[in-house]
2 protein chains.
Amino acid sequence: MTSQAADGPDTVAASRRSKLTREREQEFFDAVLDQIRACGYDSVTMEGVAASTRCSKATLYRQWRTKPQFVAAALRASRRTRFDGIDTGTLADDLREAARAAGAWSAKDTRLLQALGHAVTQDPELRTALREALIDPEIDALKQILRRGVERGEVPADHPALDYIPAQIFGVLRARPVLEGKDADPEYIVRFVEAAVLPTLGLT
Amino acid sequence: MTSQAADGPDTVAASRRSKLTREREQEFFDAVLDQIRACGYDSVTMEGVAASTRCSKATLYRQWRTKPQFVAAALRASRRTRFDGIDTGTLADDLREAARAAGAWSAKDTRLLQALGHAVTQDPELRTALREALIDPEIDALKQILRRGVERGEVPADHPALDYIPAQIFGVLRARPVLEGKDADPEYIVRFVEAAVLPTLGLT
DNA sequence: CCGTTTCGGAACGGGCACGTATCGATGAGT
DNA sequence: ACTCATCGATACGTGCCCGTTCCGAAACGG
């Protein structure tokens, strides 16, 4: 009893219209995202997710009306701040740190982005869910890093390359698997920042 | 008669095991690539292609055994050198020219790349067809531009940023639609090259 | 000019996945 | 201890698409 209450008293008391625990729900989300990474969005089936989590298809449809809504919920639940809260004091080190985080970040989420890349253009809800889960938080964090650098006077506010830096890092991250067939590891992306981004900004 | 012979006498005389003309074949290819851009790879159906080109499904299956093989053939047929043969004499202008070409290039082929992005990880034949049709030719042309610049002494051969330039341009090209929701037009990508790439290489 | 071949059209069998409905079992709340 | 909602399992109806097959019609080729 006491051990079960460790989940948090109000967690259960709070309006849970379902008997599924949060952990159980997260199993469904992990399963569907894993299958999307492996087989692509279209090839993922509710039946497959139900089978791999040993739950009933009916259960999934009771909680989420349809497959896109289910996937969107999974994305929203996996929303995490990954390289947020970086603040070393200098722009160069902040960017290096962000690059390192992005490199570690890359492997799984790049796959997810790739697999959802086209599905997202069809379903608006899926689109916003993906943006809010994987894209906007990181881009915003990056922009904040840059803004702090500008405020410290490390780089002029109207530096023409500033606007392109998020697209550059995101782009290179996603381009390497296509061009070289390897995932973009931290070493690769840090080296890129030091070789291309920092010199452009006049740092180092 | 004479006007029909304008197709080329040997074009017909050459071993065409099929009654389909090259132009007719290209209609099929254009149709399937258009549908892929519009609906994604998985959603494309042989029935849809047959209907939109007013041919029989049987005809498609007579020429190509299966859907991936058909799409791969379409990709191989659409293989074109886009920004090849650029040679202005200076590295900076070559890169500007390549950027302009890439910007015009982008709209349709970025969509195709996006739509095929995941399907390609499943089917090796599709993968090589896509690489040979859309990726390798452009990357090779870009590398040649850079190599000529090195040979002219405009940039040191061991410049650390050199290796990243193809990935940068490709990456930024594909990143903008995701981050900003607009296609990367020539103006955008040329501005990027001038703001970020050229300064990094020490070219003003 | 006539046989042969491939064309376009249509129907078919098979499989698969969506989303629904039914049914006993189980666990929570009173 | 009893009730009731939700669980997992399963079966079902529907629609879609693959790949095949059959059928005239039309176009080559000799």
If I take atom [atom1] in residue [X] and atom [atom2] in nucleotide [N], what distance separates them, rounded to the nearest angstrom?
X	N	atom1	atom2	value
B:Tyr41	D:dC17	OH	P	15 Å
A:Leu60	D:dC7	CG	C1'	12 Å
B:Glu25	C:dC7	CD	P	10 Å
B:Lys67	D:dC18	NZ	P	5 Å
B:Asp42	C:dA17	CG	C1'	13 Å
B:Leu20	C:dT5	CG	P	17 Å
B:Gln69	D:dC18	CD	P	14 Å
A:Glu47	C:dC18	CD	C1'	7 Å

Open item on the list: By nearest heavy atom, map B:Ser56 and B:Gly48 onto DNA chain D; which one lands nearer the 5' end?
Closed with: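 Result: B:Gly48.
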Does the side chain of [X] get closer than 4.0 angstrom to OP1 or OP2 of [N] through an N or O atom?
X	N	answer
A:Thr45	C:dC16	no
B:Gln63	C:dT6	no
B:Arg24	C:dG8	yes
A:Thr66	C:dG19	yes
B:Arg65	D:dG19	no
B:Thr59	C:dG8	yes

What's the closest nucleotide to the side chain of [X] if the choices are [options]?
X	options	result
B:Cys55	C:dG8, D:dG19, D:dG8	C:dG8
A:Lys57	C:dG9, D:dC12, D:dC18	D:dC12
A:Ala58	C:dA21, C:dC7, D:dC17	C:dA21

Base, sugar-phosphate or nothing for [X]? Non-hydrogen atoms, less than 4.0 Å.
X	answer
A:Val49	nothing
B:Arg54	sugar-phosphate
B:Ala50	nothing

Open item on the list: Does the Lys NZ or Arg CZ of A:Lys67 fall within the cation-pi geometry relative to A:Tyr41 - under 6.0 Å from the ring centre and within 45° of the axis?
Closed with: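 The answer is yes; both the distance and angle limits are met.
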Task: Exam field: side chain B:Thr66 to backbone B:Gln69, donor-acceptor pair closer than 3.5 Å - done: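 Not at all, since once roles are kept as given, no pair shorter than 3.5 Å links the two residues.
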Open item on the list: Main chain of A:Leu203, side chain of A:Glu154: is a donor-acceptor contact present, judged purely on distance under 3.5 Å?
Closed with: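 Judged by distance alone, no pair lies under 3.5 Å.
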Task: Residue whose closest nucleotide on DNA chain C lies nearer the 5' end, A:Ser43 versus A:Arg62 - done: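 Of the two residues, A:Ser43 wins.
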Open item on the list: Distance criterion of 3.5 Å, no angle test: do you see the side chain of B:Lys19 paired donor-to-acceptor with the base of C:dT5?
Closed with: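 Looking at the base of C:dT5, it does pair with a donor or acceptor on the side chain of B:Lys19 (distance under 3.5 Å).
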Open item on the list: Check B:Asp140 with B:Lys143, please: is the shortest side-chain N to carboxylate O separation under 4.0 Å?
Closed with: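 No, B:Lys143 and B:Asp140 are not salt-bridged.
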TODO: Locate the shortest heavy-atom distance separating A:Leu75 from A:Leu126; write the atom from each residue and the value.
DONE: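 That would be CD1-O, 4.3 Å.
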- [ ] State yes or no: are the ring centers of A:Phe170 and A:Tyr164 separated by less than 6.0 Å?
- [x]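 Centroid separation for A:Phe170 and A:Tyr164: 6.0 Å or greater.
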